[in-house]
2 protein chains.
Amino acid sequence: MQPFAPAPCSQCAHRADSVCNAIAPEDLDLLARIAGTARAGAGESIIPEGAPAAYFFNLTEGHARLFKSMPDGRRQITGFAGPGDFLGLAASSRYAFGAEAIDAVQFCRFPRAALETLCRDRPALGERLLGVAAHELAAAQAQMLLLGRKTAEERIASFLIRCANDGRPCGHLAADVTLAMSRTDIADYLGLTIETVSRTLTKLRRQGLIDLPEIQRIVLTDGPALMRLATGRTERH
Amino acid sequence: MQPFAPAPCSQCAHRADSVCNAIAPEDLDLLARIAGTARAGAGESIIPEGAPAAYFFNLTEGHARLFKSMPDGRRQITGFAGPGDFLGLAASSRYAFGAEAIDAVQFCRFPRAALETLCRDRPALGERLLGVAAHELAAAQAQMLLLGRKTAEERIASFLIRCANDGRPCGHLAADVTLAMSRTDIADYLGLTIETVSRTLTKLRRQGLIDLPEIQRIVLTDGPALMRLATGRTERH
DNA sequence: CGGTCACTTGATCGTCTTCAATACCAGTGG
DNA sequence: CCACTGGTATTGAAGACGATCAAGTGACCG
């Protein structure tokens, strides 16, 4: 991970997508004054699991995985982050999770105390953060339903729908999905093994619901059927 | 569910435990002005799943389960709430979950818009809500690890530890736990069936880790061993 | 080419589920 | 007092889904 440099908030391409849009353009220097930017290469750690929670982070380029792990190596990925995503809410004195770069990432960080102070001056920022937290909580609950009650097929379908719906209004699916993460990451996100992920993908391909032209690309040939699978509106076995 | 009555915030016994403690005593009438209280009997719905999210809630007596469900009846309990717990954060325009009373409950509710306005005037309240959200997010991530990666035995152990640690400083376990919820609720919380919950409890009893003197009461005879199981520090099978 | 790495496919195994029977308890009425 | 009922929990036997173990494929790269 490279050392932190001053953040050029006023030139940030992802300001519109991120929590920073709660700050008026003329106040951006307040933000830039407390922010720093850095980069990390694929596989590098951004937040070590259980580290003292001194900063919030904002991803500006690339993708990251958030995870919790167990002493014997079992790992659960709790979410993925892309450009514009805010990290670090799920923390008290220490981060309840870890974060690693999936590909080359760029991000900025804010000292927690400084950002909390800024929230007092700019209430819109606090409201924005609460909105982000509410959104993440709802996503976490959906993921709990997936992990606790859905079959492998339903998990994969849910995952694909989620990817295809990313950054679009609800229900408007992309025709195809380019995955940033490996099969191992998908497995650890869905509570499965890589073998089951692989097998289930080929099963869906044989059923004509998807196509796998390249290893990182998935074409949704039958979005509605996938959606039915994902929500459990299909008879099981 | 009984109709809503005015809230006597200044006499509330659970104010100290709840988000309402962010409001100074002399400003409590601001809170009382927007709040209403109601009761619900065991099994009754407090928040219908997917209903328009017009209110926040605060439980003052009894216990509730929060859940998400699927069209064929599969259900995942995402959490339990007790006196002092705040409900309704995981919502945008509609609640992402439902809430039902486990036993007789009493609660108050606040119109979202009014509470958001109050947050502007009293920044401490907004900070408190963000803190609650952060705490719930961390709990949700821990639950994802449980649901995605832990064995039945580890799930039950984690659950018992969680119950015994409820409302205490981390690591200080109660010697015994009185469960408010049924085996079905436990199963739906842990992503198991009632049969597996029952079998695993008797297994832990035979191993000498717990005792089951009454159906709703569990004595932790070997807390440290349970803790090792819960965190995965025990060799599997 | 030989090597590695990620993914896929196959065969077998085990954990948890499913289906079914039984136990237990509180409430009701004979 | 005891039989009957309904709900909840426990226990048993059989089965299925996904995990594990193992081999094979293909891409990339030195």
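A quick note: this is a predicted structure, and the numbers were derived from the prediction, not measured. Per chain, numbering begins at 1; letters A, B, ... match sequence-line order.
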query: Can you check whether B/Val219 reaches B/Ile210 side chain to side chain, under 4.5 Å on heavy atoms?
result: no
d([atom1], [X]; [atom2], [N]) in whole Å:
X: A/Leu204; N: C/dT9; atom1: CG; atom2: P; result: 13 Å
X: B/Asp185; N: D/dT8; atom1: CG; atom2: P; result: 10 Å
X: B/Lys150; N: C/dC16; atom1: NZ; atom2: P; result: 14 Å
X: B/Ile215; N: C/dC25; atom1: CD1; atom2: C1'; result: 8 Å
X: A/Leu147; N: D/dG18; atom1: CG; atom2: P; result: 13 Å
X: B/Ile194; N: D/dT8; atom1: CD1; atom2: P; result: 10 Å
X: B/Ile156; N: D/dA9; atom1: CD1; atom2: P; result: 12 Å
X: B/Ile218; N: D/dT10; atom1: CD1; atom2: C1'; result: 14 Å

query: Mapping B/Arg205 and A/Gly191 onto DNA chain D by nearest heavy atom, which one lands closer to the 5' end?
result: B/Arg205
Look at the side-chain N and O atoms of [X] and state whether any lies under 4.0 Å from the OP1 or OP2 oxygen of [N].
X: B/Thr202; N: D/dT11; result: yes
X: B/Thr196; N: C/dT17; result: yes
X: B/Ser182; N: D/dT8; result: no
X: B/Ser198; N: D/dA9; result: no
X: A/Arg199; N: C/dT8; result: no

message: So that I can tick it off, tell me whether A/Lys68 and A/Glu49 are bridged by a salt bridge, with the cut-off set at under 4.0 angstrom between side-chain N and carboxylate O.
response: no
message: Quick check with a 6.0 Å cut-off and a 45 degree axis cone: is B/Arg109 positioned over the face of B/Tyr55's six-membered ring?
response: yes
- request: Among B/Gln76, B/Arg75, B/Arg65, B/Arg183, find the one that has a side-chain hydrogen bond (donor to acceptor under 3.5 Å, both in side chains) with B/Asp188.
  value: B/Arg75
Let's test your reading of the model: under 3.5 Å, does the base of [N] pair with the side chain of [X] as donor and acceptor?
X: B/Arg206; N: D/dT10; answer: no
X: A/Arg155; N: D/dG18; answer: no
X: B/Glu195; N: C/dC19; answer: yes

statement: Among C/dC16, D/dT10, C/dT18, the one nearest any side-chain atom of B/Ala152 is C/dC16
task: Quick one: label B/Leu192 by what it contacts on the DNA or RNA (base, sugar-phosphate, nothing), any heavy atom closer than 4.0 Å.
output: sugar-phosphate
message: If you count every heavy atom of other residues, nucleotides or ligands that lies below 6.0 Å from A/Arg39 atom CZ, does the total exceed 12?
response: no
- line: Judged by nearest nucleotide, the residue sitting upstream toward the 5' end of DNA chain C, A/Gln216 or B/Val197, is A/Gln216
